[in-house]
Amino acid sequence: MNGLSPALVPPLLGWYDQGHRDLPWRTLPTPYRVWISEIMLQQTRVEAVRRYFDGWMDALPDIRALAEAEESVYMKLWEGLGYYNRVRNLHRAAVVLCQEYGGQLPADYDKLLSLPGIGEYTAGAIASIAYGIPVPAVDGNVLRVAARLDNDFTPITDARYKKQTRERFAAWMPADRPGDLNQALMELGATICLPNGAPRCGDCPLQHLCLGYHHKNASSLPLRAAKKARRIENRTVLLVRCGTLVGLRQRPSAGLLAGLWELPSLDGHLSPEETRSALAGLGWQLRRMLSLRPARHIFTHVEWHMNGYYIELDNQPEPLTFVSPPALRATYALPSAFRAFLNVIEEEL
DNA sequence: AAGACGGGGAT
DNA sequence: ATCCCAGTCTT
């Protein structure tokens, strides 16, 4: 009954070796593939990343290809995956790697940490998995496993808890198979030591070491700080056509969904009359206008409540960009928030 | 230390 | 409707 201690290494690796998930980036763990997978996996479930990883590798097979890629290319490859600063940072880091590291990821924790988009977790993951360097990789899974092993009621949202957990692992991180140990801890968190009060302790290889299990607290750990309420934004979304073309707008280069393309919209929930009036003031020449079914989209900190209109125009007013459906599909990255409205013309896309 | 930053699948 | 995910960066 040791909690988080080196005693967990043999049973955990034994369990991991007995069978683990077959993931594309595990098959061939080159530094580049590990890096891309780890960035994609930040705050993102394995099953979501599965749908993107091979497509990315086919289009951008190495660091130099990424460094030389156009923004529209890597944004489109990331479309729908979220947290779009991740892909901008990937590109920035690739340029740095080509300029300063000969197009290779450095086999050094601190150098990795200095690259854009690579923090404590990701530096540890790349160093240990791709290079066999004995450093911890403490993510949300590991924090949950640690809190339960130790029967620790410190909120894992506390930055000090993460730092302390990382240091405790670092103190005894084995030189043998550090990457597999880190992956096994995360695998345990993702498949056995589940969140939301649902751990499968009966199947856990560390049950005999787990203080949380011993004290019957596994399902009530870990503690987390309460979340803040989301603010609600009302929008009027416009699905604009001019002939066969669709009117798009590019979002600002900073903030929510930075740089992505979107359906144009107006602030607030506007009636058809209010919308006609607002658009006439902008010089839009409306030929036809139909109401669309309202939709909503939930982000982490914001909720968009959207009503919508399908509009046919006789002109192509600024600042819209009018694109054909095939060009939209191939080149323009749009967030998922507009899916309900785009489905209206789905058969053409 | 706290907030911004996506999207989706499980409960 | 809530939780939370193989987190990082900015303020």
Side-chain angles (χ1 to χ4, degrees), chain A residues 20-21 23-26 29 34-53 75 78-90 92-93 112-130 136-145 155-163 166 179-191 193-198 219 222-232 251-252 254-260 262 296-304 333-340:
Chain A
H20 52 70
R21 292 173 295 178
L23 307 177
W25 46 92
R26 281 182 179 161
V34 171
W35 175 38
I36 299 301
S37 70
E38 290 301 340
I39 301 296
M40 286 185 169
L41 286 161
Q42 289 171 1
Q43 292 292 290
T44 308
R45 292 171 192 281
V46 164
E47 293 312 314
V49 171
R50 278 184 189 278
R51 298 193 292 273
Y52 288 81
F53 184 77
M75 292 308 292
W78 207 267
E79 180 183 46
L81 195 52
Y83 283 157
Y84 297 92
N85 274 336
R86 292 185 293 175
V87 69
R88 297 178 192 288
N89 284 334
L90 273 178
R92 289 174 50 204
L112 289 167
L113 188 58
S114 73
L115 294 166
I118 297 184
E120 302 275 7
Y121 162 75
T122 306
I126 297 172
S128 64
I129 297 170
V138 176
D139 73 333
N141 287 307
V142 178
L143 289 175
R144 180 173 60 256
V145 170
I156 62 169
T157 41
D158 186 332
R160 288 170 301 183
Y161 186 73
K162 183 188 288 190
K163 183 172 190 292
R166 197 169 56 239
D180 284 346
L181 179 61
N182 285 330
Q183 292 191 83
L185 279 164
M186 295 188 277
E187 183 96 0
L188 188 76
T191 63
C193 200
L194 300 170
N196 297 320
S219 61
L223 256 50
R224 283 181 171 274
K227 309 224 172 193
K228 290 192 58 179
R230 285 184 292 268
R231 71 174 181 276
I232 294 174
R251 294 181 59 82
L256 186 66
L257 304 171
L260 271 72
E262 66 174 354
R296 53 180 59 186
H297 188 81
I298 300 173
F299 300 95
T300 305
H301 296 286
V302 192
E303 252 181 81
W304 280 357
L334 273 72
S336 300
F338 300 100
R339 184 170 300 157

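A, B, ... follow the sequence lines: proteins, then strands. Residue 1 opens every chain.
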Checklist entry - How would you label the contact of T44(A) with the nucleic acid (heavy atoms, under 4.0 Å): base, sugar-phosphate, or nothing? => result base
Item to check | Residue pair E38(A) / Y121(A), side-chain donor-acceptor N/O under 3.5 Å | outcome: yes
Checklist entry - What is the nucleic acid contact for I156(A), judged by heavy atoms within less than 4.0 Å: base, sugar-phosphate only, or nothing? => result nothing
Item to check | Which residue lies more 5' along DNA chain C, comparing R45(A) with L113(A) via nearest heavy atoms | outcome: R45(A)
Checklist entry - How far, in whole Å, is dG9(B) from dT8(C) if one measures between their C1' atoms? => result 23 Å
Checklist entry - Hey, does F299(A) reach any base, or is it just sugar-phosphate, or nothing, if we go heavy atoms under 4.0 Å? => result sugar-phosphate
Next on the checklist: Less than 4.0 angstrom between a side-chain N/O of Q42(A) and OP1 or OP2 of dG7(C), yes or no?
Outcome noted: no
Checklist entry - What distance, rounded to whole Å, do you find between the two C1' atoms, one in dC3(C) and one in dG6(B)? => result 15 Å
Checklist outcome for this item: Applying ring pair (Phe, Tyr, Trp, His ring centres under 6.0 Å) to W35(A) and not counting sequence neighbours gives none
Item to check | Nucleotide interval of DNA chain B bounded by contacts with chain A (heavy-atom cut-off, under 4.0 Å) | outcome: dG3(B) to dG9(B)
Next on the checklist: What's G80(A) touching, base or sugar-phosphate or nothing? Going by heavy atoms closer than 4.0 Å.
Outcome noted: sugar-phosphate
Checklist entry - What nucleic acid atoms does G197(A) come within less than 4.0 Å of, heavy atoms only: base, sugar-phosphate, or nothing? => result nothing
Next on the checklist: Taking only the C1' atom of each, what is the distance from dC4(C) to dC5(B) in whole angstrom?
Outcome noted: 15 Å
Checklist entry - Hey, does E47(A) reach any base, or is it just sugar-phosphate, or nothing, if we go heavy atoms under 4.0 Å? => result nothing
Checklist entry - Looking at F299(A) versus H301(A), is the centre-to-centre ring distance below 6.0 Å? => result no
Checklist entry - What integer distance in Å separates N196(A):CG from dC3(C):P? => result 8 Å
Could you tabulate the donor-acceptor pairs under 3.5 Å formed by side-chain atoms of residues 222-232 of chain A, not counting sequence neighbours?
| unit_1 | atom_1 | unit_2 | atom_2 | d |
| --- | --- | --- | --- | --- |
| R230(A) | NE | E303(A) | OE2 | 3.3 |
| R231(A) | NE | E233(A) | OE2 | 3.3 |

Item to check | Nearest-Å distance for atom pair CG/P, residues L41(A) and dA6(C) | outcome: 8 Å
Checklist outcome for this item: Between CZ of F53(A) and P of dA6(C) the distance, given in whole Å, is 16 Å
Item to check | Y52(A) ring center within less than 6.0 Å of W78(A) ring center | outcome: no
Next on the checklist: Counting the atoms with a prime plus P, OP1 and OP2 as sugar-phosphate, which does I118(A) contact under 4.0 Å by heavy atoms, base, sugar-phosphate, or nothing?
Outcome noted: sugar-phosphate
Checklist entry - Do N89(A) and R92(A) have side-chain atoms, one donor and one acceptor, less than 3.5 Å apart? => result yes
Next on the checklist: Once you apply a heavy-atom cut-off of 4.0 Å, does T122(A) come out as touching a base, just sugar-phosphate, or nothing?
Outcome noted: sugar-phosphate
Next on the checklist: Does R88(A) reach a base, just sugar-phosphate, or nothing at all? Heavy atoms under 4.0 Å.
Outcome noted: nothing
Checklist entry - If the P atom of dC9(C) is compared with that of dG8(B), how far apart are they to the nearest Å? => result 24 Å
Checklist entry - Base, sugar-phosphate, or nothing: which does R21(A) touch, judged by heavy atoms less than 4.0 Å apart? => result base
Checklist entry - What's the CH2-P distance between W25(A) and dA6(C), to the nearest Å? => result 10 Å
Checklist entry - Any idea which heavy atoms bring R88(A) and M75(A) closest together, and the distance? => result NH2-CE, 3.7 Å
Checklist entry - With no angle test and no hydrogens, is the base of dC3(C) tied to the side chain of R224(A) by a donor-acceptor pair under 3.5 Å? => result no
